[in-house]
Amino acid sequence: GEDVEQSLFLSVREGDSSVINCTYTDSSSTYLYWYKQEPGAGLQLLTYIFSNMDMKQDQRLTVLLNKKDKHLSLRIADTQTGDSAIYFCAESIEGGGADGLTFGKGTHLIIQP
Amino acid sequence: DAGITQSPRHKVTETGTPVTLRCHQTENHRYMYWYRQDPGHGLRLIHYSYGVKDTDKGEVSDGYSVSRSKTEDFLLTLESATSSQTSVYFCAISRGAGELFFGEGSRLTVL
């Protein structure tokens, strides 16, 4: 079955890089995603990567995928207080169609001044 | 972004009462989903729909039913609410390539 694992908390200093890690079990996952949830709000898609890619960069965000180890990471460069949120890793086989997405439990990113 | 709205946003009810949550989209997407979010569990899929009158169960469907009589509306019903159904419920639509766009959530408290 599908399972997505993430650590629950990450604390970083403002200005440092944050690296949030995720492991998944379903080797047939086609798409892998990072969502962000700010307090009291719904989830917002940050970025996604196809399983045939190793890396994707978008401004301060870098996604790395190690398909062999089924490991996904999200690096946020120059972490700011506005980055404080819960970050969810998610996977899909059909790209969000019939099966929806399977989410991890989320990583709380805490920013220290 | 008003592409998807949920109502009510907050509700307090008593055990054994029926509750219906409504999700309304203005983007004419085929796929719609209901998730619940609980501490320590992340988001779990309750039910989803792939078209009018076409629905299927997700991971945690027991105690819930859904209906989709129009493309734009997806209703989640708790026939007889229990305290274990106290949660935040999120509706989502699929915009393609896995981009699920979420509503703001409906916080339900069952006393």
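First the proteins, then the strands, lettered A, B, ... as listed; each starts at 1.
Heavy-atom contacts from other residues, nucleotides or ligands closer than 6.0 Å to CD of B/E14 number 12 or fewer. Annotation: B/R107, atom CZ; neighbour count of heavy atoms from other residues, nucleotides and ligands within 6.0 Å does not exceed 12. For B/R9, the CZ atom sits in a packed shell: over 12 heavy atoms of surrounding residues, nucleotides or ligands are nearer than 6.0 Å.
A/L32 and A/F50 end up in the same hydrophobic cluster when Ile, Leu, Val, Met, Phe, Trp and Tyr side chains are linked at under 4.5 Å. Under a hydrophobic-cluster definition in which Ile, Leu, Val, Met, Phe, Trp and Tyr are linked whenever side-chain heavy atoms come within less than 4.5 Å, directly or via other members, A/M53 and A/Y48 are assigned to the same cluster. Under a hydrophobic clustering in which Ile, Leu, Val, Met, Phe, Trp and Tyr are joined whenever their side-chain heavy atoms come within less than 4.5 Å, directly or via other members, B/V52 and B/Y48 fall into different clusters.
A distance of 6.5 Å separates CG of A/L43 from CD of B/Q37, quoted to the nearest 0.5 Å.
Contact count versus chain A (heavy atoms, under 4.5 Å) is highest, among B/S49, B/G105, B/G42, for B/G42. Contacts with chain B were tallied for A/G42, A/G104, A/G106, A/A90; A/G42 has the most, counting heavy-atom pairs under 4.5 Å.
Between B/L100 and A/Y35 the shortest heavy-atom distance is N-OH, 2.8 Å. The minimum heavy-atom distance linking A/K105 with B/H41 is given by the pair CG-C, 3.9 Å.
Heavy-atom distances place no part of B/Q6 under 4.5 Å from chain A, backbone and side chain included. Only the side chain of A/Q37 comes within contact range of chain B, with at least one heavy atom under 4.5 Å from a heavy atom of that chain.
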